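The structure under discussion appears below in the form of structure tokens.
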Amino acid sequence: MLNIRIEKTVTPKELPSADNPLLFGTIFTDHMFIMNYENGKGWFDPRIVPYQPLSLEPSAMVFHYGQEMFEGLKAYKAEDGRTLLFRPNKNIERANRSNRRLCIPEIPEEDFLQALKAIVKIDEAWIPTQEGTSLYIRPFVIATDSFLGVRPANNYLFIIILSPVGAYYPEGLDPIKIWIEDEYVRAVKGGIGEAKTGGNYVASMKAQVKAREEGYSQVLWLDGIHRKYIEEVGAMNIFFKIDGTIVTPELNGSILPGVTRDSVIELCKEWGLPVKEIKISIDDIYEAHSKGLLEEVFGTGTAAVISPVGQLRWKDHIMKVQDGGIGPISQKLYDTITGIQMGRIKNNHNWIVEV
Ligand code: COI
């Protein structure tokens, strides 16, 4: 059990007004959680302090070798006033899996959950209540040793910041257009693709810029060896509905094991839909589309929730899905997942944790 020291801000910021569109990741709350780590001493000095800049040496290792882990989850305000977290233990487990891969010390699960609840509680008033909004929670760990040699650091900071958000994509729930990338790759097996770390996202930027120039909002990655098997999208996992079956790439070591991905699989199974986690190639998708069997495509993620895909572009082929509209399964998944998250729909999985 952490003994969290609390220093409240004396200059609280104005809460965003209800008609603020809450562009993703642009507004931050009054406080942040922070805790230090030192080899031999472990995690120490857990505290909640006013949201503020960090003071780090320019030689801090995170700036040079990118030793960092981050997570993303959300808090919701239910109609009855309760503050809810969606499957926080999944994020905590994944954070420690990322930590192990990145040689960052693990954070005891119960301390992590306590820290999440404590910081959300303090800034509870910042949880927006308009439809489609939530309080995005961004926990992260950075290596802080002042050192330029390459090795795991001896000192770290674990920080949690909060941001009231609306939809991740400007399109909202309108279908997005996706560019299938066959030049650059995001990750390879044995690399860090399944860890949640900045390196995977910087690796994605070049292709994302290229896709945007062509009018596409996200990139769909193919595997790094054959440039053939589907992996994931920039900020989401990807699902296809082909001839009645829900298909998603299997977790193969280079794909992020998404919490929303897992929830979608569970819900589809519960609804009696056939679900397959398999190796799926871009040729399979192209063929399914040519035969008129590609019924729906959608991305899943904490930030994006369910994001319908209306168009895929692979080389010179443009594949339109659902006539560019949202499919019934995508809509049902969105309604069900947001309903569970907001406490409107009960589910038997114990996915909701009250703060
Ligand atoms: C999330 O969905 O929480 C993510 O971390 C994706 C992101 C890079 C915005």
Side-chain angles (χ1 to χ4, degrees), residues 22-29 66 68-76 84-99 101-102 112 116 119-120 127-128 132-142 158-173 176 178 181 186-187 192-209 211-212 217-221 231-239 248 251 254-265 298-309 333-334 337-338 341 351:
L22 294 175
L23 295 181
F24 184 88
T26 52
I27 299 172
F28 299 94
T29 66
E68 74 97 34
M69 172 286 294
F70 77 91
E71 265 302 326
L73 65 162
K74 285 173 171 172
Y76 310 84
L84 308 176
L85 301 176
F86 182 71
R87 309 188 78 185
N89 292 83
K90 280 283 210 192
N91 294 88
I92 295 171
E93 277 166 29
R94 185 174 65 186
N96 277 332
R97 270 205 306 282
S98 300
N99 283 342
R101 177 63 183 85
L102 300 163
F112 201 134
L116 286 174
I119 184 66
V120 169
I127 306 176
T133 63
S134 55
L135 186 68
Y136 187 75
I137 308 171
R138 172 54 62 87
F140 62 104
V141 177
I142 53 172
F158 171 41
I159 299 170
I160 307 174
I161 56 174
L162 307 173
S163 174
V165 296
Y168 182 69
Y169 298 113
E171 289 93 335
L173 200 55
I176 59 167
I178 286 194
E181 177 57 41
R186 170 188 174 274
I192 54 172
E194 67 180 351
K196 203 148 175 70
T197 184
N200 288 323
Y201 295 82
V202 72
S204 75
M205 288 179 190
K206 186 83 180 160
Q208 193 178 345
V209 170
R212 272 185 197 272
S217 46
Q218 285 280 299
V219 170
L220 175 64
W221 296 103
E231 300 242 302
E232 64 178 80
V233 179
M236 315 186 285
N237 294 112
I238 188 88
F239 284 77
T248 193
L251 297 178
S254 55
I255 296 176
L256 189 83
V259 177
T260 314
R261 175 188 181 279
D262 185 79
S263 311
V264 161
I265 292 172
F298 55 91
T300 63
T302 296
V305 197
I306 301 293
S307 178
V309 177
L333 283 164
Y334 178 84
I337 290 181
T338 53
Q341 290 168 336
W351 283 350

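Note that the coordinates shown come from a computational prediction; the quantities given were computed from them, not determined experimentally. Read the numbers this way: they start at 1 and go in the same order the structure lists the ligands and their atoms.
Annotation: side chain of E181 is not in contact with side chain of L220 (no heavy-atom distance under 4.5 Å). Contact check for R87 versus L73: no side-chain heavy atoms found under the 4.5 Å cut-off. Looking at heavy atoms from C-beta onward, T29 lies out of side-chain contact with I161 at the 4.5 angstrom threshold.
Scanning Y136, F24, Y201 for the heavy atom closest to atom 8 (C) of ligand 1 points to Y201.
Under the 4.0 angstrom criterion for non-hydrogen atoms, K196 is in contact with ligand 1.
Scanning the protein heavy atoms around atom 9 (C) of ligand 1, the nearest turns out to be Y168 CE1, 3.6 Å. When only non-hydrogen protein atoms are considered, atom 2 (O) of ligand 1 lies nearest to A303 N, 2.8 Å.
A centroid separation of 6.0 Å or more is found between the aromatic rings of Y334 and F298.
Residues forming a ring-ring contact (aromatic ring centres under 6.0 Å, His included) with F140 (at least two apart in sequence, or on another chain): none.
Proximity of R138 to ligand 1, defined as any heavy-atom pair under 4.0 Å, is confined to the side chain (atoms from C-beta onward).
Close approach to F70 involves these atoms of ligand 1, each under 4.0 Å from a residue heavy atom: 5 (O).
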